[in-house]
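Comments concern the structure below.
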Amino acid sequence: MSKTIKITLKNGDVIEKDGPVKLSQLCQEIGKKLFEAAVAAKINGKLIDLSSVLEEDATVEFITFDKPEALPIFRHSAAHIMAQAVKRLFPGTKLGIGPAIENGFYYDFDTQGRLTQDQIEKVEAEMKKIVEADYPFSFKKERKDLAIKHFQDQNEPFKEELIRELPEGTARIYTQGEFSDLCRGPHLPSTGKLKGVKLLSVAGAYWRGNEKNPMLQRVYGTAFPTKKELDDYLKKLEEAAKRDHRKLGKELDLFSIQDLTGPGLILWHPKGALIRKIVEDYWRDEHLKRGYDLVYTPHIARVDLWKTSGHWDFYKENMYSPIEVEEQEFMLKPMNCPFHILIFKTKRRSYRELPIRYGELGTVYRYERSGVLHGLMRVRGFTQDDAHIFCAPEQLEQEMESCVRFALDLLKRFEFHEFVITLSTGPHPSKAWEMGLNPEELHQKLIGETSGSARREGAVSRVITYQDIVDRFYPEKKNEFAGEKEEWVYAEEAVARVLQKVVIPMGINPEIDIIGAAFYGPKIDIKVKDALGREWQCSTIQFDFNLPRRFDLNYIGPDGKEHKLYMVHRAMLGSFERFFGCLIEHYAGDFPLWLAPVQVKIIPIAERHHDYAYQIAEELKRNQIRTEVDDRGEKMQAKIRDAELEKIPYMVIVGDEEEKNKTVNIRKRKAQSDLRLLQTAQSVHDFIKTFKT
RNA sequence: GCCGGGAUAGCUCAGUGGUAGAGCAGCUCACUCGUAAUGAGCAGGCCGCGGGUUCAAGUCCCGCUCCCGGCUCCA
């Protein structure tokens, strides 16, 4: 007996058909073009394969490859195809997991032999064959015990482990050609739909990210619906490689890291140091304008300080061994906060003084495992643009708001215009996420494969409430957090209001990272998107319910009694090292005029113009313009080339003409292909004016 | 820390067991030049460090240091 089912399409059309209805067939009937472009479908908002069958009334939307949902499906399917290729080339390989990720996909394998770069080329070639063969992807739901048996027979212990953790009735086995895999799906209708695919690198990765587990070989790749999109992406990777701050840092003579000093320790060369000085000056000025006091604190302190602060107990693994002096132990500082607290504590504090804001460019040292160091981005000694705000509870929201605005203002000065803002909450129930903060994304985070702590813990969830999440996935964390539940809720709601007031009107949808907070309080992180759209962590604004208690911080209120004090840690740029690395890549080394270590290179055409060149240089320098004269015995063309390679914003060319007319001839960097940028001769005075705007 | 790949002149890199190379940069000399490289010459090396195999090691083996791609962690 067939049943008539009602199908509501995206455009509102309703189709009635005798069921069951196969989606691919329905798609084909609607339109040939649609069928060719479709990669999957959504039934009642849920993604599903085109090979699925419809048995009930439903709304149906076909996902074509121009939709954002299509990309992960492409990539996930690409991962399966790669796994199939690897199993063909290396029989006996055991499969780990193979998800789609932000810019592509990966698959983890336990290959008996090693996988090397030239071997992945063979894998890629094999993948092409699989694509050409155009195997359909099909799936069937399997009873748990049968699914387990299936993978036992195939000698896939990792898959078996995954199935054992699944609820009964949810295991699905996908098959394409001779290959089958445990998977949630959905997938492309067939392997032939995969057009642009490229394998990128091989790396080790622990099974389920745990270093106690065996290490698997992870192959990274990327995939796009068309060859062109793939080529564009590969071009972007090339561009990123050109901007690599380690490469530019060497070429532009900005900094170095040397064996004799040790890994993760930065030597700032004169040009890098000058840029840093400019940023520091700007930073200090802005802080003074906004009611911060600047402080300086030492690099080491008695171990007792770190015992009081709790770092000795909870942060020891990141700290260097004690330094013994006169039979007393001193520790190199990993953070600045305890010092700022000591300054705060030198007096009784009145409510009239609050908030007190101490800022410091504080250099800290943290032990980082050798494998994680990376240029300027991840180092062992770095200078934080740190500050601590001591305030009354009722001032918290205002201070938070100021911090967020301040951070965005500072970052915008460096031509960052796109931000990713994340609220990391604690383990207590909070209404923060109910306050209009992108609940859909939150939900997606909790149930989906996207990102955030839910996935980090390997949670597969259909949970709705915050409390449930904690109880269900983080019971062990319930008691690991400092402070009272009420304080967390108070702080998180304050932050949520700030985000609503400041961030949402800017068109930014804040993200929420459940239980992403530090144990001592919730935080807001701000990431910037650089010129290539890559994200960099800069600002972090963190509440602290812990240190005020440990140091017994308080203030005297209008009632003459002691009151509990709130404390906020915050960094706007993060650290000078990381931020500098980020700036180098953002600007590709072409620092804007105000940051450029050399702003003007004067290029005399012949030796007889040297005097005039120096005369101009003196005048520019008197006007605080950073100027150099290229008086080498080179041709003008060579000097221009070198100034271009040094990425100097202005070249001033002087020869007979200029000397006679008392003018300068200006060439802006990168003028090569755009003659409009080539300015005509002008007076030195006019040239100097361009720096004053 | 772990898996994999590396380290040769200041820089970028070639060198498959038989006398260490190129380009650029540097130095010297000549050229005095109009919008991205003038020419010639000279100099430059514990081939990352230590051990081993060999008649012979930059090259093969072992250990270490550091770098790169990841895992993990974070400013």
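Not measured: the values here are computed from a predicted model. Note on naming: letters A, B, ... go to the chains in the order of the sequence lines (proteins, then strands), and numbering restarts at 1 for each one. Computed from heavy atoms alone, side chains included, the values below leave out hydrogens, waters and symmetry copies.
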I'd like the [atom1] distance from [M] over to [N], given in whole Å.
N: B:rA57; M: B:rC64; atom1: P; value: 24 Å
N: B:rU12; M: B:rG26; atom1: C1'; value: 16 Å
N: B:rA36; M: B:rU28; atom1: P; value: 28 Å
N: B:rC47; M: B:rA9; atom1: C1'; value: 10 Å
N: B:rG1; M: B:rG18; atom1: C1'; value: 42 Å
N: B:rG45; M: B:rC31; atom1: P; value: 32 Å
N: B:rG48; M: B:rU65; atom1: C1'; value: 8 Å
N: B:rA56; M: B:rA20; atom1: C1'; value: 15 Å

So, do [X] and [Y] have ring centers that fall under 6.0 Å from each other?
X: A:Phe414; Y: A:Trp283; value: no
X: A:His586; Y: A:Phe416; value: yes
X: A:His245; Y: A:Phe580; value: no

Can you figure out which of [options] approaches the side chain of [X] most closely?
X: A:Glu634; options: B:rG34, B:rU72, B:rU38; value: B:rU38
X: A:Arg578; options: B:rA37, B:rG69, B:rC74; value: B:rC74
X: A:Ala203; options: B:rA37, B:rU35, B:rG69; value: B:rG69
X: A:Gln542; options: B:rA36, B:rC2, B:rA75; value: B:rA75
X: A:Gln384; options: B:rC3, B:rC71, B:rA75; value: B:rA75
X: A:Ala205; options: B:rA37, B:rC71, B:rU32; value: B:rC71
X: A:Val372; options: B:rC3, B:rG1, B:rG34; value: B:rG1
X: A:Arg641; options: B:rU38, B:rA37, B:rG34; value: B:rA37

At 4.0 Å (heavy atoms only), tell me whether [X] reaches a base, stays on the sugar-phosphate, or touches nothing.
X: A:Arg218; answer: sugar-phosphate
X: A:Gly655; answer: base
X: A:Ala571; answer: nothing
X: A:Gly574; answer: sugar-phosphate
X: A:Gln637; answer: sugar-phosphate
X: A:Phe576; answer: nothing
X: A:His374; answer: sugar-phosphate
X: A:Glu577; answer: nothing
X: A:Asp386; answer: nothing
X: A:Val379; answer: base

Do the side chains of [X] and [Y] get close enough for a salt bridge, i.e. N-O under 4.0 angstrom?
X: A:Asp244; Y: A:Lys242; answer: no
X: A:Asp630; Y: A:Lys601; answer: no
X: A:Asp253; Y: A:Lys271; answer: no
X: A:Arg578; Y: A:Glu585; answer: no

Practice task
Determine which bases of RNA chain B form Watson-Crick or G-U wobble pairs with both distances under 3.5 Å, and write the result as a 5' to 3' dot-bracket string with | for other-strand partners.
Solution key: (((((((..((((....[..)))).(((((.......))))).....(((((..]....))))))))))))....

Would you say [X] and [Y] make side-chain contact, with heavy atoms under 4.5 Å?
X: A:Pro263; Y: A:Ile257; result: no
X: A:Leu199; Y: A:Met82; result: yes
X: A:Ile275; Y: A:Pro597; result: yes

Starting from [atom2] on [N], measure out to [atom1] on [X] and report it in whole angstrom.
X: A:Leu237; N: B:rG69; atom1: CG; atom2: C1'; result: 13 Å
X: A:Arg632; N: B:rU32; atom1: CZ; atom2: P; result: 19 Å
X: A:Tyr612; N: B:rU32; atom1: OH; atom2: C1'; result: 19 Å
X: A:Glu646; N: B:rC11; atom1: CD; atom2: C1'; result: 14 Å
X: A:Tyr365; N: B:rA75; atom1: OH; atom2: C1'; result: 15 Å
X: A:Asp642; N: B:rC24; atom1: CG; atom2: C1'; result: 11 Å
X: A:Arg380; N: B:rC74; atom1: CZ; atom2: P; result: 16 Å
X: A:Lys639; N: B:rU38; atom1: NZ; atom2: P; result: 11 Å

Exercise for the section: Could you list by number each residue of residues 241-264 of chain A showing a heavy-atom separation from RNA chain B of less than 4.0 Å, or answer none if no residue does? Expected result: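 Those residues whose heavy atoms fall under 4.0 Å from RNA chain B, taken from residues 241-264 of chain A in numerical order, are A:Arg246, A:Lys250, A:Asp259, A:Pro263.
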
Just to confirm, is there a sub-4.0 Å distance from OP1 or OP2 of [N] to any side-chain nitrogen or oxygen of [X]?
X: A:Arg667; N: B:rA36; value: yes
X: A:Tyr220; N: B:rG4; value: no
X: A:Arg608; N: B:rC33; value: yes
X: A:Ser370; N: B:rG1; value: yes

Exercise for the section: Go through the N and O atoms of the side chain of A:Asn210 and the base of B:rU72, and report whether any donor-acceptor pair is under 3.5 Å. Expected result: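 Result: no qualifying N/O pair found.
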
Handout entry: Check: A:Glu658 side chain, B:rG34 base, donor-acceptor under 3.5 Å
Key =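 Under the 3.5 Å cut-off, the side chain and the base do form a donor-acceptor pair.
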
Exercise for the section: Would you mind telling me which residue lines up with the more 5' stretch of RNA chain B, A:Arg366 or A:Leu645, judged by nearest nucleotide? Expected result: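 Whichever sits nearer the 5' end wins; that is A:Leu645.
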
Handout entry: Residue mapping more 5' on RNA chain B - nearest nucleotide basis, A:Met636 or A:Arg378
Key =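 The residue closer to the strand's 5' end, by nearest nucleotide, is A:Met636.
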
Practice task
Could you please spell out the steps behind the side chain to side chain contact (heavy atoms under 4.5 Å, CB included) verdict for A:Ile421 and A:Ile524?
Solution key: CA-CA 7 Å; A:Ile421 300 182; A:Ile524 300 179; 3.7 Å; yes

Practice task
Applying ring-ring contact (aromatic ring centres under 6.0 Å, His included) between A:Phe158 and each of A:Tyr107, A:Phe109, A:Tyr206, A:Trp207, report the one that passes.
Solution key: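 Only match with A:Phe158 under ring-ring contact (aromatic ring centres under 6.0 Å, His included): A:Trp207.
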
Problem - Residue A:Glu102 excluded, over 12 heavy atoms near CD under 6.0 Å - result: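 Not buried by this count: 12 neighbours or fewer within 6.0 Å.
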
Exercise for the section: Could you give me the CA-CA distance, side-chain angles and deciding distance for A:Asp386 and A:His569, then say whether side-chain hydrogen bond (donor to acceptor under 3.5 Å, both in side chains) is met? Expected result: CA-CA 7 Å; A:Asp386 208 0; A:His569 307 250; 5.5 Å; no

